[in-house]
Amino acid sequence: MSIKNVMVIGAGQMGAGIAQVCAQSGFEVLLHDMNEEALQKGLKNIEKLLARNVEKGKMSAEDKSVTMNRLSPSSDLKDAAACDLVIEAVVENMDVKTNIFRELDQYAPKHAILASNTSSLPITEIAAATDRPDQVIGMHFMNPVPIMKLVEIIRGLQTSEETYESIKAMTDELNKTPVEVKDFPGFVSNRILMPMINEAIYTVYEGVASPEDVDRVMKLGMNHPMGPLTLADFIGLDTCLYIMEVLHEGFGDSKYRPCPLLRQYVKAGWLGKKSGRGFYQYN
Ligand code: NAI
């Protein structure tokens, strides 16, 4: 199946990035958010990033305007009627996602593939909310999307070979590297990354070291490009907590229990970089 028109649902840090790379690769893109302010902010961020690429000589001014012209805002999920592929990137919450997929299933054309950028939630369960479970798949981009090369492609139990092949080919067109993963909690990336971040939060919670020192140990000692707490702030502490909860529930193993300090920060609205405060403060 050839994909030309793409709709991205959620104009947050991931959705805006996905919309940007799709538009840069020649796809016509509708960017949707239920929040008009978030939608405008998402589009503005894309424009800013492209302008920076032009300044650095990585992109011509003409390519920038061609890319921007391929992007259109959408305030109505019914716009999915014009799309071959919908990529959902809203908050990491099963009820919110299944409601969206149920609606999309009504509006999107019969041939359309419905993908989720979920970090950890079961694709099999999201797919079961639709009448086209064979055309539902996970497309897990990494943050920041324009820079990171990997896309984990998650096959739900019902995902067809045709759907998988179309999404694999589309990922190649985005100039990203697809890696096939089965549908188990956290897939591969977050099953390994999140327990490390959670453990880093425990070391702060137990007073073993300050956030700065925890990050310093992992950067200088393990050669990680970014410390785990800086990374957690960057991902969003709410998203980190959701993923730990999915691992904890999905495997039923206490080794995945979310650190109480992580819960407390999320309750305080300290969500990391996006809210101005997490383990660090941001202007
Ligand atoms: P975000 O909080 O930056 O953006 C989410 C956006 O979705 C917001 O603009 C919000 O207004 C919108 N939204 C919420 N409910 C909606 C609805 N019912 N209809 C339309 N729009 C709605 O979140 P972020 O970080 O972009 O994460 C989105 C998804 O991507 C999550 O599933 C997350 O797990 C996944 N993800 C996140 C990564 C990260 O590093 N933050 C990395 C890879 C995947």
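Residue numbers count from 1 along this sequence. All ligand and atom numbering here is 1-based and tracks the order in the structure. None of these values were measured; they are calculated from a predicted model.
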### Task
Check each heavy atom of Thr239 against ligand 1 and say whether those closer than 4.0 Å belong to the side chain, the backbone, both or neither.
side chain

### Salt-bridge contact Arg155-Glu161 (side-chain N to carboxylate O under 4.0 Å)
yes

### Pair Phe251 + Phe184: ring centers closer than 6.0 Å
no

### Query
Are the side chains of Leu77 and Leu104 in touch, meaning some heavy atoms are under 4.5 Å apart?
yes

### Summary
heavy-atom search around atom 11 (O) of ligand 1 in the protein gives Asp33 OD1, 2.7 Å

### Message
Donor-acceptor check, side chain of Lys97 to backbone of Val90, threshold 3.5 angstrom: yes or no?
### Response
yes

### Query
Going by the order shown, which atoms of ligand 1 are within less than 4.0 Å of some heavy atom of His140?
43 (C), 44 (C)

### Query
Any Lys/Arg nitrogen of Lys78 or Glu103 sitting under 4.0 Å from an Asp/Glu carboxylate oxygen of the other?
no

### Query
For ligand 1, is Gly236 a contact, meaning one of its heavy atoms is under 4.0 Å away?
no

### Nearest non-hydrogen partners of Gly272 and Tyr282, listed with the distance
C-CE1, 4.0 Å

### Check: Thr118 N/O within less than 3.5 Å of ligand 1 N/O
no

### Query
Taking NZ, NE, NH1 and NH2 as the nitrogens, is one of them in Arg257 or Glu245 under 4.0 Å from a carboxylate oxygen of the other?
no

### Task
List the closest protein heavy-atom neighbour of atom 41 (N) of ligand 1: residue, atom name, distance to the nearest 0.1 Å.
Ile235 O, 2.9 Å

### Task
Examine Glu92 against ligand 1 and note whether any of their N/O atoms are separated by less than 3.5 Å.
yes

### Query
Is there a nitrogen or oxygen of Asn143 sitting under 3.5 Å from a nitrogen or oxygen of ligand 1?
yes

### Message
Given Gly15, Ala89, Ala11, identify the one with the heavy atom nearest to atom 5 (C) of ligand 1.
### Response
Ala89

### Task
Would you check whether Met142 has a nitrogen or oxygen atom less than 3.5 angstrom from a nitrogen or oxygen atom of ligand 1?
no

### Message
Any side-chain to backbone donor/acceptor pair from Asn190 onto Leu193? Under 3.5 Å, distance only.
### Response
no

### Query
Does an N or O anywhere in Phe141 fall below 3.5 Å from an N or O of ligand 1?
no

#### Entry: CG on Asp183 to OG1 on Thr124, rounded to 0.5 Å
3.5 Å

#### Entry: Lys/Arg-Asp/Glu bridge criterion (N-O < 4.0 Å) met for Asp105, Arg102
no

### Query
Under a 4.0 Å N-O cut-off, is there an ion pair linking Asp233 with Lys274?
no

#### Entry: Short N or O distance, Glu88 and ligand 1, threshold 3.5 Å exclusive
no

### Query
Can you tell which part of Ser119 has a heavy atom less than 4.0 Å from ligand 1: side chain, backbone, both or neither?
both

### Query
Any idea which atoms of ligand 1 are less than 4.0 Å away from a heavy-atom of Ala38?
9 (O)

### Task
Using atom types as modelled and distance alone, determine if a side-chain donor or acceptor of Glu180 lies under 3.5 Å from a backbone N or O of Ile154.
no

### Query
So which heavy atom in the protein is nearest atom 29 (C) of ligand 1, and how far is it from that ligand atom?
Val90 O, 3.2 Å

### Summary
closest protein heavy atom to atom 37 (C) of ligand 1 is Met14 CG, 3.3 Å

### Query
For atom 20 (C) of ligand 1, which protein heavy atom lies nearest, and how many Å away is it?
Met34 N, 3.3 Å

#### Entry: Per-atom contacts of ligand 1 with Lys97, taking only distances under 4.0 Å to non-hydrogen atoms
31 (C), 32 (O)

### Query
What part of Ile100 sits under 4.0 Å from ligand 1 if we count only heavy atoms: the side chain, the backbone, both or neither?
side chain

## Note on the structure
Lys274 heavy atoms within 4.0 Å reach ligand 1 at atoms 2 (O)

### Task
Pull out every atom of ligand 1 sitting under 4.0 Å from any heavy atom of Gly10, numbered as shown with elements.
7 (O)

### Query
Looking only at distance, does Asn35 have an N or O less than 3.5 Å from an N or O of ligand 1?
no

### Message
Below 30° counts as parallel, above 60° as perpendicular, anything between as tilted: where do the rings of Trp270 and Tyr265 land?
### Response
perpendicular

